[in-house]
Amino acid sequence: MQLALTILMDGLIYASWLFVVALGLTLVFGVLKILNIAHGSLYAIGAYVAASMVTLFASWGLGGHFALIAMLLAAIGVALVMGPLMERYLLRLFYGRDEVVLLLVTYALFLILEDAVKLIWGVNPYYVSEPYQLFGNVAFASLFYVGYDFALIGLAVVCGIAVWFALNRTRSGKVVLAVIFSREMSASMGVNVDKVHMIAFTLGIFLAALGGAFTAPMISVQPGISVSVIIVSFAVIIIGGLGSIEGAAIGAVIVGLARAAAVHLMPEAELFSIYLVMAAVLIFRPEGLFQRAAARKI
Amino acid sequence: MSRTVLVLVAAGLMAALLLIGLALPRWLLFLVTLAASHGIVSVGILVIMRGGLVSFGQGLVFAIGGYAAALSFTQLGITDVIVLILIGTAAAALVGAAVGPLLARYTGIFFGMLTLALSMVAYGVLIKSPAVGGSDGFNIPRGTLFGVRLEGAGGDYALYALAILVTGIAATAVALHTRSARGLMTRAIHGNGLRVEYLGTSVQSVMAINFTIAAALGGLGGALTIVALGHIEPTFAFWTQSGEFVFVAILAGSHSVTAVFIASLALELVRSFSNLYFPNTWQMALGLFLLAIILFLPAGIGSLWAGRRKASPSSGGETP
Amino acid sequence: MAGDTRPVLSARGLAKSFGAVVAAAEVTIEVPAGEKLCLIGSNGAGKTTFVNMVTGYLTPDAGTIELDGETITGLAPRTIARKGICRSFQIPQLCIELTAEENMLVAIAAAEPRGLSFWADPAAGGRDARARELLDRFGIAAMADRPVSEMPGGMRKLLDIAMALARRPRLLLLDEPTSGVSAEEKFPAMDRVMEAVSGQASTIVFVEHDMDIVRGYADRVIAFYSGRVISDGTPDHVLSDAEVKRYVSGGAA
Ligand SMILES: Nc1ncnc2c1ncn2[C@@H]1O[C@H](COP(=O)(O)OP(=O)(O)OP(=O)(O)O)[C@@H](O)[C@H]1O
Ligand SMILES: [Mg+2]
């Protein structure tokens, strides 16, 4: 019982930030039809910038809860700089080209960013664990948890609801949904598709960076985190179905639980567990849990 | 180019390279051997890519071929390099045949990411397996060829000759396969997989077989590499290694298999100097160069001399 | 005479909905051997949906489809193609980077009973001659060496049909073979198609919007409206039906 609860909690905590990152990935895919391999790099950059910002804020005497603002600013900054830059000056050059070409472009970007990060921040790990203590510890059913972990779950819920609400309940969100449904049709109805692309891409990047920024206090920020994050978030959106918000949420929870169960029951199988679930889902639902196989008009 | 001409040209090229090898310094001999061993892996990527898919995880089969050959040497005492190469090729082909049908169900994006994921899982397993040397890997002594131990300058040349011949023959076979009904079908799948299904052909089975061919070539490259290098480690399966294979495939383009080896040699040459000039920005240089090729030479360097038709590659014209 | 009474294609009670859109409801159609059946109906009536279900692109929500008495409901398009049902498309489905001849060779290679060769030249063994001959039947042999991306729409349509013939299908389905062809060229185009098809396939189902073409080429006509069959019979009978006039031919007939 105790163990089950531990697994449940660990799984949800892992799922929380993973959901935020995967949400960005799935959003970008939904709107631009691009699976951004460099998404993990943006997560990493978010984490690095957050680490630097928190340190900087601390050096100004802005410790404590200001660290949260520092992390949020880091994510916003990364998104506002990298989003438009990558979408407008790079990806846009390749729209309309083969799917493979776009995949290769984001792959090239991933290679570039990987080294860029090392050039800027070096190869030694960064630790910014102070914010992790901000919310103290929480006793929960005879177990102790770090408050920050709960805050992270809260953040994920907020992000999910905000994106869902923005898409389904606001006018501009409906425009985005129209573009997701059919780029050509929305363009012919006067939608500024270019703008929608840029905004969606930037928002996706923001979510990646946000995930990175807010996990920075929990991990050692070091080279290599981008690869593992892109692979795991990819597993999440495959399980949930590409382009689906609900799918990303369920996928993140499934992956989180599978991983937590593996960590506690069979530590060697940590990585496997994620792919095992992914393979199982794909065998029964090749399009993912929340994707309807859309037949194209022929 | 007719098939006979193709085979003759390939034979001529191999003979010329064998002769040139006699005059090459040992360091260059070694470099070309490695370039050929790595190049054949990228040839495999092209086999898949003609069907519109990219594998970002060819490091997986490269490592499988390498580990299978290396372990056969150290554990089973098999020293003949030809046998080792066959073992590496067969092991990777088996794995390819097992996972190919599963992977082949997926389109571009899924396929690319699944291959990447698989190779990273393999990497994760390898670094945690002390039995095969963990993250340090292990060394393999020089092998034998027809009972003769490959040592010194003569041994280096023999390995060079073997690499040229084996990869040359494999690449020629691939070039012939490309011109076969199956090769044409692969291009058709890239063009319109739905139509191919409607014509009665299983896209999945064609792609699964292509993946198996690519896996065999990857294993071949891996086995050749460990025989020449005398060392293997988990980075064989790491994404950076896979990235280099993709890079070489894109740089070469799918017009000519010869271009792949030229691209591979170029990469090895640049790498051997790169430590001097950009030790920490190797991936970045690869990435930037990759973007430049996609932008300015989308059909690769092979299109410079073997561009058969000037069908503009960006003709997205009709999306059916 | 038992062979004659047995239909080549027999679809019974087909239903298909996309959300609230009913694309097929209670569709029952039998096609006897040698018949040229024309499907008519306004846009969105469900003609293509019927073709898609028969060829396995869509699985019907209900109902069964039989080819020569064998159930093929829910099989994959490739399996159904191997069994002898081939089709052309309303939107041509071609490999636009390949040449017209290469497209034909793909179709011919796919029809090869021994499977795809790993080595043999796809053009060898007289296959290139057969490809040319089929292109020639449709009058597009002159474009054989041009990539499809450089071919005009009308020719793509013909190539699309030519590819469907490579298997000499038992049942051929043509989805709007003359769409995209100007009104005055419709008859010559249809003549060409019917002539090219004769000898390669005898049982044909085609979708058509032009009522003059329908009269000229169909043995039998089925009218669709809103996913339902509203009339079935000889061209004269169907085209003079009041409901058909109201919902399909718009009084023009
Ligand atoms: N894959 C699909 N997904 C959703 N709706 C579909 C799909 N295919 C067809 N429909 C809908 O089903 C209805 C019937 O479409 P269908 O293509 O069969 O019409 P049609 O008779 O061929 O019309 P047209 O003359 O325009 O070709 C239409 O309302 C169409 O929008
Ligand atoms: Mg239609």
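Letters go in sequence order (proteins before strands), and every chain restarts at 1. Computed from heavy atoms alone, side chains included, the values below leave out hydrogens, waters and symmetry copies.
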- Task: Sort out for me which of C/A123, C/A110, C/A124, C/A107 touches chain B most, counting heavy-atom pairs under 4.5 Å.
- Result: C/A110
- Task: With side-chain contact (heavy atoms from CB on, under 4.5 Å) as the test, would you mind laying out the steps for B/H190 and C/E97 before giving the verdict?
- Result: CA-CA 9 Å; B/H190 185 186; C/E97 317 248 295; 5.7 Å; no
- Contact class of B/I209 relative to chain C, heavy atoms under 4.5 angstrom: side chain
- Message: Heavy-atom cut-off 4.5 Å, strictly under: side chain, backbone, both or neither for C/R127 against chain B?
- Response: neither
- May I ask you to name which of C/G56, C/A76, C/P77, C/A164 has the most heavy-atom pairs under 4.5 Å with chain B? C/P77
- Do you know the tightest heavy-atom contact between B/N192 and C/Q93? ND2-OE1, 3.0 Å
- Query: Measuring heavy-atom distances to chain C, does B/L194 have an atom under 4.5 Å in its side chain, in its backbone, in both, or in neither?
  - Reply: side chain
- Identify the two heavy atoms, one from B/S180 and one from C/P122, that lie closest to each other, and give their separation to 0.1 Å. C-CD, 3.6 Å
- Query: Does C/R78 count as lying over the ring of B/Y198, i.e. NZ or CZ under 6.0 Å from the six-ring centre, within 45 degrees of the axis?
  - Reply: no
- Who in residues 111-120 of chain C is close to chain B, using a strict under-4.5 Å heavy-atom cut-off? C/L116, C/S117, C/F118, C/W119, C/A120
- Query: Is the number of heavy atoms from other residues, nucleotides or ligands under 6.0 Å of C/K83 NZ greater than 12?
  - Reply: no
- Item | Residues, nucleotides or ligands: over 12 heavy atoms within 6.0 Å of C/E133 CD | yes
- Item | Best-contacting candidate, C/T55, C/I108, C/I85, against chain B by heavy atom pairs under 4.5 angstrom | C/T55
- Message: Under 4.5 Å from any heavy atom of chain B, what part of C/A166 do you find: side chain, backbone, both or neither?
- Response: neither
- Query: Relative to chain B, which segment of C/N103 carries a heavy atom at a distance below 4.5 Å: side chain, backbone, both, or neither?
  - Reply: neither
- Item | Exercise: identify the closest heavy-atom pair between B/A181 and C/A109 | CB-CB, 4.2 Å
- Task: Please report the closest heavy-atom contact between B/R187 and C/L98, naming both atoms and the distance.
- Result: NH2-CD2, 3.3 Å
- Query: How long is the span from the CE atom in B/M185 to the CG atom in C/L105, to the nearest 0.5 Å?
  - Reply: 10.0 Å
- Report the distance from atom OG1 of C/T79 to atom CD of B/E197, rounding to the nearest 0.5 Å. 8.0 Å
- So CZ of B/R195 and CG of C/L94: to nearest 0.5 Å the spacing works out to 6.5 Å
- Query: What is the distance from atom SG of C/C86 to atom CG of B/L199, rounded to the nearest 0.5 Å?
  - Reply: 7.5 Å
